[in-house]
Protein chains: 2
Amino acid sequence: MATLREVAELAGVSVATASRVLNGSAHPVSSDVRDSVQTAAKTLGYTPSAAAQALKQQRSKIIGVIASDILDPYFAELARGIEIEAAKSGYVTILANANRDPEQERTKFRVLREHQASGIVFCGSDIEGAPGTAELARDVNMAVRAGTRVVALAPRGFDSTKIIIDNVEASYELTRYMLSLGHRRVTFIGGVPGLTAVEQRADGYRRAMFEAQLVPHVVGRTGMRQESGRNAIAGIVAEGSLPEAIVCANDEIAVGVLAYLWTSGYRTPEDVSVAGIGGTRGGAVFGLTTMTLPLVELGGLAARYIASASAQPSVPEPPRFELSIGSTTAKATSGQARSQQFG
Amino acid sequence: MATLREVAELAGVSVATASRVLNGSAHPVSSDVRDSVQTAAKTLGYTPSAAAQALKQQRSKIIGVIASDILDPYFAELARGIEIEAAKSGYVTILANANRDPEQERTKFRVLREHQASGIVFCGSDIEGAPGTAELARDVNMAVRAGTRVVALAPRGFDSTKIIIDNVEASYELTRYMLSLGHRRVTFIGGVPGLTAVEQRADGYRRAMFEAQLVPHVVGRTGMRQESGRNAIAGIVAEGSLPEAIVCANDEIAVGVLAYLWTSGYRTPEDVSVAGIGGTRGGAVFGLTTMTLPLVELGGLAARYIASASAQPSVPEPPRFELSIGSTTAKATSGQARSQQFG
DNA sequence: TTGTACGCGTTATCAG
DNA sequence: CTGATAACGCGTACAA
């Protein structure tokens, strides 16, 4: 690793001059000196030390990303959005998985701070009553007061900047769409008990159902993954009563539902309409109807906020979700209406 | 951000002593002094500066990860494996997407080096003849000679440490399995022309076909994503000739194939057997037959290699793949054999 | 067992 | 326009 001093020596100038040339400082440098420094840097393969720069400037061009599960496309898309936008400003993202565990989040948060991250993004929401939540909140609040930029992209019980898509509304509108198709027996599948963002989606679903004077059914709250959806629908089928329509807590769950239905001989949307929430890449190939949340864009907003040069960057509005109508939902048929059992 | 000196002052000791207490040095410190330093650190919320540590020790606890596409579960699993193992040794992973573009890889590689990463992992393979490949190789080779640990988890044309699963063999064995089921018209779907790892998989497929005295058919080389599989199989169906079995370049493609088949009224494995390569989480819910590559483990090996304390860590053997038989493959039926058209 | 002092690579201030 | 020099926060010889 060639250092600035080596470059300076080779170019026959001082380190100060070399620094001015190599970091795009506004300070004026004559063009011939500039050239000799640059050639020297090139021949030596000079790479500036981000560590030294961070030490000097009390701030490193690092954005920390705390995700629940990078294997979940929801978080992968957020991470990608953050990374793309961060790179545009010369920032780099440190990715940390925390498995929705406040203790792990606390550890990762600390490590990220040790690396002088300019900002830290929490991608997922918290789980009500999870042990360690209060301590995490304390740490975060302390960091925020100390000037670290912290952004939450989902509901969180600490005092960070928040850029949050309205989960209640997204789910409400999706459910309304299902009802507008004529379905009455609409079931909500999936989630993790206490996981705030998903509870909000369940709430939006319930509101739409109540308004239509229907009884909500929320089942299969065993996780956010494809298997959860598969297991939940398998249970429903085992009980003998397929609903007319299913709203899933996220796209992964919806794909799991589709997988079960298709491998079991059911058809969508003929036998049952299925929709997800998220709009992640995984649902597209199945023609999944979903409430698309602009996740890449959302991540980008967080990154831009953190990378912003201004001392008090304005908090961006969360992007608006949008209904993507696919081929897994259709109008209720008379046959479905006839076999109504609950609701 | 409280500094070591502030802690030392509060505890009434020298920075040297504080340092020795707070970084787990072997140097002896009396227990009462130790206590006072620790309480001082706690009350001040002391966080060591990774930047200063990195600067001092000429090495930061960072592992750089260069992936092609974090939305592809293949890379997401590798990234997760790296991250889990890295965290165990107090390392942190910087994730960089490079879209299989050598120019971008070069940029990311440089940035990672600026951050004094102890090591850098290339997750994907290279594309033959892609512009910038030679320059990337030059940079990497230079870095390797300068002592940076570079690991490639797929075939690469530079002099890094390599931990690579045998793609030819994995694909060969999978194809052999398909043949053992009695299928003769076996098609290989997907890939990116020149993408080394996938060319190897195609080669393994071809070898198995040749040995069985069958004519190989490689089609749909338009990408590694679900849509690629969907489009490829759609094209095949449009031509009117469904093969008996399909080997896909990866699991994503296989899922795309399944999606098309199921939404078009075909059944697996009754109408056609489908298998993937990778063993990523996405295929599991569909009961996809696949050659499972232990990706999380593979990533972990790379991380352990980089985090290893020894000066010359031994290069680990790549983990062995394993056939996972699901419900998307079955023995050939007489009906399929009768309608044989090519091969 | 504890403290002093230097330097890691950079940037910024101040002289020239 | 250029150069010398003082930090930034930490680890570690070396001295006590």
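Every chain is numbered from 1 and lettered A, B, ... according to where its sequence line falls, protein lines coming before strand lines.
With a cutoff of under 4.0 Å to any heavy atom of chain B, the contacted region of DNA chain D is bounded 5' to 3' by D/dG9 to D/dA13.
Evaluation of the side chain to side chain contact (heavy atoms under 4.5 Å, CB included) rule for B/Ser310 yields B/Ser308, B/Pro313 as partners, not counting sequence neighbours. Partners of B/Thr196 according to the side chain to side chain contact (heavy atoms under 4.5 Å, CB included) rule, which considers only residues two or more places apart in sequence or in another chain, are B/Ser125, B/Asp126, B/Pro155, B/Gln200. Contacts of B/Asn23 classified as side chain to side chain contact (heavy atoms under 4.5 Å, CB included), with partners at least two apart in sequence or in another chain: B/Ser19, B/Ser25. Taking the side chain to side chain contact (heavy atoms under 4.5 Å, CB included) definition, one finds that B/Gln58 meets it with nothing, sequence neighbours left out. Residues meeting the ring pair (Phe, Tyr, Trp, His ring centres under 6.0 Å) test with B/Phe158, sequence neighbours left out: B/Phe122.
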What string of B, S and - do you get for nucleotides 1-10 of chain C, 5' to 3', if B is base contact, S is sugar-phosphate-only contact and - is no contact with any protein heavy atom under 4.0 Å? BBBB--BBBB
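Residue pairs that meet the salt bridge (charged side-chain N to carboxylate O under 4.0 Å, His left out) test with at least one member in residues 104-125 of chain A, sequence neighbours left out, are A/Glu105-A/Arg156, A/Arg106-A/Asp139, A/Lys108-B/Glu83, A/Arg110-A/Glu114. Applying the side-chain hydrogen bond (donor to acceptor under 3.5 Å, both in side chains) test to every pair with at least one member in residues 35-48 of chain A, sequence neighbours left out, gives no pairs at all.
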Taking only distance into account, with no hydrogens and no angle test, what donor-acceptor pairs under 3.5 Å do side-chain atoms of residues 128-137 of chain A form with protein atoms, sequence neighbours excluded?
from: A/Thr133; atom 1: OG1; to: A/Ala130; atom 2: O; distance (Å): 2.5

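Comparing the axis of the opening five pairs of the helix from C/dT1-D/dA16 to C/dG16-D/dC1 with that of the closing five pairs yields an angle of 40°, rounded to 10°.
Looking at B/Ser118, its side chain never comes within 3.5 Å of a backbone N or O of B/Ala307 through a donor-acceptor pair.
For DNA chain D, no neighbouring residue in residues 35-45 of chain B is found when judged by any heavy atom under 4.0 Å.
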